[in-house]
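The block underneath contains the structure these notes are about, expressed in structure tokens.
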Amino acid sequence: MLTAPLHGRAAAEEVERECEVPAAGEPFETASPEEVGLDGAAVRDAVSFADGRLRTSVRVFRHNCLVATGALNFLFDAVPANIWSSTKSVVSLAAGIAVDRGLLDLDAPIGTYLPDGWADAEHSAITTRQLMQENSGLQAGIAGEVASILLDTDVVRAGLALPIVHEPGTYFEYGQRNPDIVGFIVERAVGEDLQAFVQREVFDPIGIEPGTYIWLRDRSGHSYGYANLFMRPPDFARIGLLLLGDGRWNGDRVVSSAYLTDATKPSVTNPCYAMLFWTNDTPCISPDVPARRTVDAPAMPGFGEDAFATVGFLQQNNFVSPSRDALVSWTGFGGDVSLDPQTLLTANPNSELYHEFFRRLAPAYGDGTVVPPYEHGVSLEVTPETVLDIRMTLGALGVGPFAPQDCLVLTCDGELPVTGLVQNGTALIDLLANLAGTTAGG
């Protein structure tokens, strides 16, 4: 057992407990809140609040020690759930490893990595960094981009067929095709299927075993980069602990500190967005659901200015605070109650759910941090063209003005792609067999 110097409210002569991260198949090491310098009553109050707000799994860590869990964890921990856009952060980790190995240059034109003929000169000049910062300039329409899920002929080529409506690098517009293209760029850079690369280089080191999750692909076999990674909540928390450990796991380096610093640094076009991670900076520009908004409130009040998060639809989150040496990992089905359409759709970074949870958690650190009550105006503005653009859905199916060249009505290059459907089916069978075995053995 390791110890760490106390900070915050604890006396200087005392030490706080520090835990080891677990090996594959092993549980998280636990401690009481008091053992890691936290006020237990405040921690329990925050977790109880989360339990009452549709959080199906909750874990609070400090110094790698699990100090609190949600009331429903026992029901949902064995069930892989879609972590939605937190998948983007997994893609970012894969990109980081490729960068660390000198295989990927984030600032090189993506045409460097694309097959010949897949993009014109204008699209080829976009950089991977711009795709990851969601300022590539590609037209976006969130619901339209996801409406064709599993029927998508080729999400990479569909993304490269989208018009460039802003000068790349100058305008934040949250879209789904950007990370889809990034995942493919990583594949091309490392010369390997993205999922195989992630399993070996990210999941194996931190104890996420094959057959315990499913990551969906389009019909051509490209992994969705924007979402559709289904995993168990404890494994989702392992990703959070890797981030909290600055890319190290039990002393072994998985991804470099230099990359994570870069990947979680506020971007010029949106201070609260980095490279497929959200930050605690302001002002913060929201996704265009149902309309683009700019807010001045930090997403994770009292959790440290250096806090960052993986953020998925319906609030699938890993909240990471390096300065607090703390992680909150949770999944669920929304939980905001603010009478604002964007907040209810979990698309507002000024989330009432986040704010109230961290307001209750802040006293646990004993450093006098006080988070004021939640304040948020209501906007009924809607910009339909950025929410549901049917041209994007049709384009992914090979129809209309956004269809990739040589793709027509569910076919590309004259062929009916089914590779991804077979891969999805095989992965699902493996997952169900694993779940059945776990149930029978446990």
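Computed from a prediction, not measured in an experiment: that's the story for all the values here. Values reported hereafter were calculated over all heavy atoms of this structure, with side chains retained and with hydrogens, waters and symmetry mates removed.
- Between I142 and P287 there is a side-chain heavy-atom pair separated by less than 4.5 Å.
- Aromatic ring centres of F230 and Y213: separated by at least 6.0 Å.
- Classification of R177 and E134 as a salt-bridged pair fails, no side-chain N sitting under 4.0 Å from a carboxylate O.
- Smallest separation of non-hydrogen atoms from V36 and A31: CG1-CB, 4.3 Å.
- At a cut-off of 3.5 Å, with distance as the only test, no side-chain donor of Q133 or N270 sits close to an acceptor on the other residue.
- Distance check: M132 CE to S89 OG gives 9.0 Å after rounding to the nearest 0.5 Å.
- I214 CD1 to T426 OG1: the interatomic distance, rounded to the nearest 0.5 Å, is 9.5 Å.
- You'll find the side chain of L361 reaches within 4.5 Å of the side chain of F303, heavy atoms only.
- When every heavy atom of E352 is checked against every heavy atom of V337, the shortest pair comes out as OE1-N, 3.2 Å.
- No hydrogens or angles considered: nothing links the side chains of Q342 and D340 as a donor-acceptor pair under 3.5 Å.
- For E201 (side chain) and V198 (main-chain N/O), no donor-acceptor pair under 3.5 Å exists by modelled atom type.
- Residues N178 and S136 bring a donor and an acceptor atom of their side chains to less than 3.5 Å of each other.
- The CG atom of D336 lies 10.5 Å from the CG atom of L314; values are rounded to the nearest 0.5 Å.
- Ring geometry, Y224 versus Y226: the interplanar angle exceeds 60°, so the pair is classed perpendicular (tilted spans 30 to 60°).
- Close placement of the F319 and Y354 rings is indicated, their centers lying within 6.0 Å of each other.
- A donor-acceptor contact closer than 3.5 angstrom links the side chains of S92 and Y259.
- Residues V21 and L242 fail the side-chain proximity criterion, which asks for heavy atoms closer than 4.5 Å.
- Of the listed residues (F76, F236, W84), just one forms a side chain to side chain contact (heavy atoms under 4.5 Å, CB included) with T331, and that residue is F236.
- Side-chain contact annotation: S86 with T310, donor-acceptor N/O pair under 3.5 Å present.
- For the pair D235 (side chain) and M231 (backbone), a donor-acceptor distance under 3.5 Å is absent.
- We find the CG-CD distance between L138 and Q176 to be 12.5 Å, quoted to the nearest 0.5 Å.
- The closest side-chain donor-acceptor pair between T69 and N73, if any, does not fall under 3.5 angstrom.
- Closest of all the heavy-atom pairs between E192 and R200 is OE2-NH1, 2.6 Å.
- The existence of a salt bridge linking D281 and K265 is excluded, since no basic side-chain nitrogen approaches an acidic carboxylate oxygen closer than 4.0 Å.
- F277 and F308 have perpendicular rings, their planes meeting at more than 60° on a 0 to 90° scale where under 30° would count as parallel.
- Inter-residue side-chain proximity for L380 and V378 is flagged as met; some heavy-atom pair is nearer than 4.5 Å.
- The side-chain heavy atoms of L106 and T127, taken from C-beta on, include no pair separated by under 4.5 Å.
- Taking the side chain as every heavy atom from C-beta outward, L244 and D325 approach each other to under 4.5 Å.
- Using the six-membered ring where Trp is involved, Y273 and F172 have ring planes that are tilted, between 30° and 60° apart.
- Nearest heavy-atom pair, P290 versus L345, reported as atom, atom and distance to 0.1 Å: CD-CD1, 4.3 Å.
- Classified by interplanar angle (parallel below 30°, tilted 30° to 60°, perpendicular above 60°), the ring pair H166/Y171 is parallel.
- Rounding to the nearest 0.5 Å gives a distance of 10.0 Å between CG of L66 and CD of E29.
- Note that the CG atom of L38 and the CZ atom of R44 stand 11.0 Å from one another [nearest 0.5 Å].
- Note on D45 versus R359: no salt bridge recorded, every NZ/NE/NH1/NH2 to OD/OE distance being 4.0 Å or above.
- For D262 and R129, the salt-bridge test passes: some basic side-chain N is under 4.0 Å from an acidic carboxylate O.
- The ring of F28 has its center closer than 6.0 angstrom to the ring center of F61.
- S85 and Y174 share a donor-acceptor pair across their side chains, judged by distance under 3.5 Å alone.
- Side-chain contact check for V289 versus F313: every heavy-atom pair is 4.5 Å or farther apart.
- Between the side chains of S329 and N318, a donor-acceptor pair is found at a separation under 3.5 Å.
- The two residues L151 and R219 come nearest to each other via the heavy atoms O-CD, 3.4 Å.
- Here D367 pairs with R324 in a salt bridge; the nearest charged N to carboxylate O distance falls below 4.0 Å.
- For the residue pair I239 and V90, the shortest heavy atom distance occurs at CD1-CG2, 3.8 Å.
- Panel note: side chain R217, backbone S223; no donor-acceptor pair is recorded below 3.5 Å.
- Annotation: side chain of Q139 is in contact with side chain of M392 (closest heavy-atom distance under 4.5 Å).
- Donor-acceptor pairing under 3.5 Å is lacking for the side chains of S267 and N135.
- The list of side chain to side chain donor-acceptor pair (under 3.5 Å) pairs with a residue in residues 238-250, not counting sequence neighbours, reads D246-S257.
- Under the 3.5 Å distance criterion, the side-chain polar atoms of R232 are left unmatched by any main-chain donor or acceptor of P80.
- Using modelled atom types and a 3.5 Å distance limit, the side chains of D180 and H222 yield no donor-acceptor pair.
- Defined by atom type and a distance below 3.5 Å, a donor-acceptor pair is present between the side-chain atoms of S256 and D100.
- Q316 and N82 share no donor-acceptor pair across their side chains, judged by distance under 3.5 Å alone.
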Determine, step by step, whether R59 and D77 satisfy the salt bridge (charged side-chain N to carboxylate O under 4.0 Å, His left out) criterion, reporting the C-alpha distance in whole Å, the side-chain angles of both residues, the deciding distance to 0.1 Å, and the verdict.
CA-CA 11 Å; R59 284 176 171 79; D77 275 356; 2.4 Å; yes
